[in-house]
Amino acid sequence: MSYFSLCHKLFDGYVKCGSLAEARRLFDDLPNPHIVAWNYMISSHVSHGKTAEAIQLYEKMLEGGVIPDEYTFSSVFKAFSDLGLVRKGQRAHALSVVLGFEIFNGFVASALVDMYTKFDKMRDAHLILDRVVEKDVVLFTALIVGYAQRGHDNEALQVFENMVSQGIKANEYTLSSILISCGNLGNIVKGKLIHCLVIKSGLESAVASQTSLLTMYLRCSLVDDSIKVFNQLSHANQVTWTSLISGLVENGREEIALSTFREMIRSSINPNSFTLSGVLQACSSIAMLEVGEQIHGIIVKIGVEGDKYAGAALINLYGKCGNTDMARFVFDALTEVDVVSINSMIYAYAQNGFGHEALKLFERMKSLRLEPNDVTFISVLLACNNSGLVDKGCQVFASIRSNYKIELTRDHYACMIDLLGRSRRLEEAEMLIKEVRNPDMVIWRTLLNACRIHGEVEMAERVMKKVLELAPGDEGTHILLTNLYASAGKWNQVIEMKSTIRDLKLKKSPAMSWVDVDREVHTFMAGDLSHPISHEILEILHELIEKVKTLGYNPDTKFVLQDLEEEKKIRSLYYHSEKLAIAFALWKTSGRNTNIRIFKNLRVCGDCHTWLKFVSSLTGRDIIARDAKRFHHFKEGVCSCGDYW
DNA sequence: TCGCCGGTCT
């Protein structure tokens with residue numbers, strides 16, 4: 001046995017037993033290590049994630065006068081790309097050109113392409129592929145993957161077709177990646193073609209291909225097809241399960257996503273932070289705080305509470321469930337604060353009406369030299385909007401244009417239009433719409449809502465036309481205008497609108513509130529006294545109303561949309577769904593001092609808002625109400641929205 | 001002794 005192969009066997013033994021350090025000690029004792037030994041050490045360090053050490057070894061090797069070969073380069077390029085060391089990578093690239101590896105060796109070339117795509121230097125990567133004399137599937141795949149992962153899905157498809165036309169057969173790596181691009185593009189026709197190709201190539205049992213197929217169907221919203229793919233899987237792994245769960249959430253199938261998660265656990269597949277953030281998203285969307293808290297428990301148990309994905313998902317959960325303190329607790333425990341986690345926290349404050357907290361965090365972000373992105377500004381503007389910080393909002397909006405290279409989207413404008421409109425600066429709001437490229441229905445409806453708040457019938461009628469041009473049968477718009485006429489006392493127009501709504505067969509979604517008491521959800525509709533214990537509820541409700549009247553509550557009938565006698569109007573106010581839900585929750589939890597969390601499918605009504613403030617001071621309970629748009633935290637007679645919403 | 005794959009957050 002030669003000296004080299006003896007050394008090699010020794011290294012291999014140590015590394016395979018997991019003792020890279022032992023191998024390293026052995027290596028360091030060699031007087032003049034051969035190139036094969038250097039390569040072995042470098043690649044072992046890279047594959048063990050010890051990238052920085054791999055680079056040190058490479059540099060030491062060069063200092064020692066050892067000439068790198070194709071093996072050295074293919075390992076070390078990966079190290080440079082992992083650490084984002086562009087300069088060093090380019091210098092090594094130059095050396096590989098001088099030594100004649102770049103265009104003549106497939107291993108070196110594909111590692112180079114991979115490195116440049118990770119540096120986001122797509123032109124360089126593509127040029128290398130073009131120069132390589134004999135291109136193989138790995139080389140093409142490296143470029144396809146690079147394009148796909150940076151969101152250049154059309155380019156990925158082009159390169160793929162180019163590869164196929166050169167008679168090079170795709171492998172499972174190529175197909176996995178290209179399926180994802182089809183999914184991202186929503187190109188189900190190409191996606192199905194590739195599905196056929198997967199079968200034809202005999203790769204349908206490869207787990208990565210299956211996962212990508214699953215993801216492709218889910219991104220194209222073909223949930224049933226994706227479930228079919230999933231059911232045909234022989235061995236679903238952690239990634240496959242996760243892919244299915246997060247895809248279901250994306251398609252609004254939260255309940256199924258949660259049952260799939262439970263099935264995953266039953267199948268003894270462990271979740272990781274990917275899985276858990278998907279499940280948390282399901283909990284946040286449907287405000288299932290209890291389940292979310294259980295997931296939080298699992299996150300702590302498996303030790304990923306500092307993970308930025310799990311963290312952002314938790315912040316989002318607590319934000320959407322109205323618990324900003326918990327959201328902040330999670331945020332403060334993150335190991336790495338990045339722009340997404342800060343955005344999540346700002347957004348959590350924003351939707352709960354804690355504008356000043358949101359702005360403080362925005363300032364801290366700047367002092368941390370984290371570059372804000374478009375989402376940051378949506379969150380900050382929303383924070384100003386939900387707290388009535390009009391001037392601050394205008395100032396922030398102006399600064400986006402002057403200080404940042406961020407393109408303003410319709411969402412930014414919609415937020416500003418809402419902000420201006422609600423503070424009665426309707427003309428300014430309308431002027432701002434002129435700046436929006438292709439203003440959509442949402443933009444105009446935002447202005448329409450502002451008209452409703454301020455009873456601007458004339459402008460509303462003009463704006464209504466715009467909205468209906470863009471969305472002729474939109475129920476929300478008709479209802480908005482009906483409400484506007486009703487609050488302006490124009491009952492003839494209300495009747496007219498109602499008949500239009502009837503003719504168009506538009507259905508008004510009924511107002512509904514629900515409340516979560518002792519892990520049971522109870523739903524209430526306005527005026528609906530069919531709850532099994534409605535007798536007790538009504539008793540409590542009437543008692544509450546009489547008591548808060550003594551504190552100054554005065555039923556405000558302008559929120560009643562029917563033209564009824566005053567007495568009947570007042571009665572209809574009393575049976576609003578949120579009042580029923582609160583009465584029920586107080587009855588169920590009497591003697592306890594817990595917070596009450598209620599949810600409403602529409603926006604909370606003005607009279608109920610006032611009433612809830614009184615109830616919070618009367619009972620000493622904190623009431624957290626999530627309506628269709630935001631949260632209201634009622635505490636000691638005050639609401640976090642500052643009566644501005 | 002070497003290269004290319006699938007799932008997460010605002």
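Nothing here was measured: the structure is a model prediction, and the numbers come from that model. Here is how names work: the chains are called A, B, and so on, in the same order as the sequence lines, proteins then strands, and each is numbered from 1.
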To the nearest angstrom, how far is [X] atom [atom1] from [N] atom [atom2]?
X	N	atom1	atom2	answer
I346(A)	dT10(B)	CD1	P	15 Å
D114(A)	dG3(B)	CG	P	10 Å
M345(A)	dC9(B)	CE	P	19 Å
N343(A)	dT10(B)	CG	P	11 Å
I42(A)	dG3(B)	CD1	P	13 Å
F274(A)	dG7(B)	CZ	C1'	6 Å
H235(A)	dG7(B)	NE2	C1'	19 Å
L280(A)	dG7(B)	CG	C1'	15 Å

Any donor-acceptor pair under 3.5 Å joining the side chain of [X] to the base of [N]?
X	N	answer
T211(A)	dG6(B)	yes
S243(A)	dG7(B)	no
S277(A)	dT8(B)	yes

At 4.0 Å (heavy atoms only), tell me whether [X] reaches a base, stays on the sugar-phosphate, or touches nothing.
X	answer
Y347(A)	sugar-phosphate
S74(A)	base
D69(A)	nothing
N105(A)	nothing
S273(A)	base
V207(A)	base
G319(A)	nothing
V375(A)	base
Q351(A)	nothing
S212(A)	sugar-phosphate
D411(A)	nothing

* Asked: Taking the six-membered ring for Trp, is the centroid-to-centroid distance between F261(A) and W241(A) below 6.0 Å?
  -> no
* Aromatic ring centroids of W38(A) and Y71(A) under 6.0 Å? -> no
* Donor-acceptor contact present, side-chain N343(A) to main-chain S379(A), <3.5 Å -> no
* With respect to the phosphate group of dC5(B), does any side-chain polar atom (N or O) of Q210(A) fall under 4.0 Å of OP1 or OP2? -> no
* Asked: Can you find a side chain N or O atom of N316(A) that sits less than 4.0 Å from OP1 or OP2 on dT10(B)?
  -> yes
* To do: May I ask you to say whether K405(A) pairs ionically with E371(A), meaning some side-chain N is under 4.0 Å from a carboxylate O?
  => no
* Short side-chain donor-acceptor distance under 3.5 Å, S181(A) and N184(A) -> no
* Y40(A) ring over dT1(B) six-membered base ring, under 5.5 Å and 30° -> no
* Asked: Once the angle between the rings of F119(A) and Y116(A) is folded into 0 to 90°, is it parallel (under 30°), tilted (30 to 60°) or perpendicular (over 60°)?
  -> perpendicular
